[in-house]
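The structure appears right after this line, and notes come after that.
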Amino acid sequence: MKIAGAIDVLDHGHVSLVESWGSDERIIEAARMSTQKGFEGWGPIDEPCPRCGKTRSQKRDEAVREGRARDKPCDGLSAKDNEPCALRTRAGDEKLLAYLWKNHHATPFEMAGATFEIQAPIFIFREWHRHRTQSYNEMSSRYVPLPDVCFLPDAGHSVARSEAASKRNKQAGLVDGAEVLTMDAARDLIAEEADLLVMVEDLYQRKLKAGFPKELARTHLTVSRYSRMRASANLRNWLAFLTLRTAPNAQWEIQEYARVVQSFLADRFPRTLALFAESQP
Ligand SMILES: Cc1cc2nc3c(=O)[nH]c(=O)nc-3n(C[C@H](O)[C@H](O)[C@H](O)COP(=O)(O)OP(=O)(O)OC[C@H]3O[C@@H](n4cnc5c(N)ncnc54)[C@H](O)[C@@H]3O)c2cc1C
């Protein structure tokens with residue numbers, strides 16, 4: 001069961017945006033509570049001519065109304081001066097947004113947020129739930145059987161990661177004395193894992209039928225089994241999550257989920273997410 005607009009992740013997972021609140025503009029409004037000025041607009045913003053007080057767009061409207069191809073000279077001067085207006089534009093609130101982001105003035109980013117529904121393997125949820133300040137609700141295998149789908153690694157990807165892992169990334173290193181993983185070995189072991197998962201599911205169903213309560217029937221299930229949850233947080237929190245989970249040292253599978261979360265957020269908060277993307281190494 002997927003929410004409309006869900007994006008597929010891994011072999012059986014998906015992420016969908018349940019709702020989001022706030023916007024780049026709301027973040028500016030929150031920051032401007034200190035000066036009570038509110039959101040002024042994204043740039044470039046027209047500044048009025050210091051002599052006549054008209055802006056570029058007012059001058060343009062005036063020319064259209066009067067059927068002229070060009071602006072009139074500035075009417076803040078005498079006619080003989082025949083000078084144009086001293087029109088200027090200035091940066092808009094994107095400058096303030098960038099300032100907030102770069103200087104870690106983070107609380108305005110708490111005024112926006114999003115809730116996602118996620119189907120992911122339990123081993124991903126183990127990592128995700130370490131982000132203790134997000135809010136979660138997960139389906140309960142005490143009350144409903146978990147979906148009969150498990151994550152299976154890809155053989156080629158496993159070999160590539162095995163080659164890269166021990167050299168670059170301690171987190172994903174190999175055990176001492178590990179052999180060089182070949183495609184044949186990877187394929188064979190993954191096929192064995194797939195067979196094992198069939199046996200695991202068969203035992204699960206037999207336990208359920210035999211009358212085991214669901215909370216006990218599940219005890220032998222693997223962490224590759226998919227589960228489903230909702231995760232909710234403010235934007236500051238999601239950006240901290242993305243910083244950690246899109247980084248190359250995070251497990252590749254959770255990076256895949258984080259990238260989808262990032263794409264949904266970029267759709268809703270394009271200016272903030274652009275600043276986030278620029279600031280990543
Ligand atoms: C690559 C990688 C490898 C990891 N490996 C492991 C691992 O091997 N084992 C493991 O257990 N975890 C591991 N983690 C999880 C990691 O330790 C963090 O729990 C996780 O990244 C969430 O970060 P967080 O604590 O900042 O987030 P949150 O829990 O959402 O907290 C957000 C912020 O709130 C504050 N905060 C929250 N709780 C407390 C508290 N109790 N006391 C003080 N301040 C608090 C902190 O400022 C924190 O940064 C790993 C994470 C990554 C990205």
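Every value quoted in this text rests on a predicted model; they were computed, and no experiment measured them.
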Separation of E25 CD from F39 CZ (nearest 0.5 Å): 4.5 Å
Heavy-atom side-chain proximity of E278 to W101 below 4.5 angstrom: no
Hydrophobic cluster (4.5 angstrom, side-chain heavy atoms) - remaining members for I190: L152, L197
Sub-4.5 Å side-chain heavy-atom contact between L97 and T272: yes
Same cluster (ILVMFWY, side-chain, under 4.5 Å), I3 and L17: no
Non-hydrogen atoms of P153 and S158 that approach each other most closely: CB-OG, 3.7 Å
Close side-chain approach of W252 to L10, heavy-atom, < 4.5 Å: yes
Residues Q205 and E201: side-chain donor-acceptor under 3.5 angstrom: yes
N137 CG: over 12 foreign heavy atoms closer than 6.0 Å: no
Within 6.0 angstrom of R26 CZ, more than 12 heavy atoms from elsewhere: no
Verify same cluster id: L196, Y204 (apolar side-chain graph, 4.5 Å): yes
Heavy-atom side-chain contact between R130 and R132 under 4.5 Å: yes
Heavy-atom closest contact (F212 atom, A217 atom, distance): CB-CB, 4.0 Å
Atom pair NZ/CG of K2 and D8 - distance to nearest 0.5 Å: 3.5 Å
R126 atom CZ, over 12 foreign heavy atoms within 6.0 Å: no
Ion pair D61/R65, N-O distance below 4.0 Å: no
Other residues, nucleotides, ligands: >12 heavy atoms within 6.0 Å of R68 CZ: yes
Any R218 side-chain heavy atom under 4.5 Å of K207 side chain: no
Within 6.0 angstrom of M33 CE, more than 12 heavy atoms from elsewhere: no
Step-by-step side-chain contact (heavy atoms from CB on, under 4.5 Å) determination, K54 to K72: CA-CA 11 Å; K54 288 180 185 160; K72 255 200 212 149; over 6 Å; no
Any donor-acceptor N/O pair, N237 side chain to T133 backbone, under 3.5 Å: yes
Other residues, nucleotides, ligands: >12 heavy atoms within 6.0 Å of H220 NE2: yes
Basic-acidic side-chain contact under 4.0 Å: R32, D93: yes
Side chains of residues 258-268: which donor-acceptor partners sit under 3.5 Å, not counting sequence neighbours?
from : atom 1 : to   : atom 2 : distance (Å)
R259 : NE     : E256 : OE2    : 3.4
R259 : NH1    : Q255 : OE1    : 3.1
R259 : NH2    : E256 : OE2    : 2.8
S263 : OG     : V260 : O      : 2.8

Nearest-0.5 Å distance that lies between atom CD1 in I254 and atom OH in Y257: 9.5 Å
E193 CD to D188 CG distance, which is reported to the nearest 0.5 Å: 13.0 Å
N103 side-chain N/O to H105 backbone N/O, donor-acceptor pair under 3.5 Å: no
Heavy-atom closest pair, residues S141 and K214: O-CB, 3.4 Å
Heavy-atom side-chain contact between P50 and R88 under 4.5 Å: yes
Where C150 and Y226 come nearest, the two heavy atoms and their spacing: C-CE1, 3.6 Å
V198 with V149, same ILVMFWY side-chain cluster at under 4.5 Å: no
side-chain hydrogen bond (donor to acceptor under 3.5 Å, both in side chains) evaluation trace for T246 with Q280: CA-CA 9 Å; T246 58; Q280 296 310 290; 4.7 Å; no
Heavy-atom side-chain proximity of L87 to T55 below 4.5 angstrom: no
Joint cluster assignment, W21 & L239, ILVMFWY side-chain distance < 4.5 Å: no
Polar contact flag, side-chain donor to acceptor under 3.5 angstrom, W238-Q134: no
Main-chain N/O of R271 paired to E94 side chain as donor or acceptor, under 3.5 Å: no
Side chains of I28 and W42 in contact at under 4.5 Å (non-hydrogen atoms): yes
Per-pair distances, 0.1 Å, donor-acceptor, side chain in residues 106-123, under 3.5 Å, sequence neighbours excluded:
from : atom 1 : to   : atom 2 : distance (Å)
E110 : OE2    : R236 : NH1    : 2.5
T115 : OG1    : S232 : OG     : 2.8
E117 : OE1    : R230 : NE     : 2.7
E117 : OE1    : R230 : NH2    : 2.9
Q119 : OE1    : R228 : NE     : 2.9
Q119 : OE1    : R228 : NH2    : 3.0
Q119 : NE2    : H12  : O      : 2.9

Nearest non-hydrogen partners of E253 and F151, listed with the distance: OE2-CZ, 3.6 Å
Joint hydrophobic cluster, L216 plus Y143, side-chain heavy atoms closer than 4.5 Å: no
For E215 against T219, the heavy-atom pair lying closest together: O-CG2, 4.2 Å
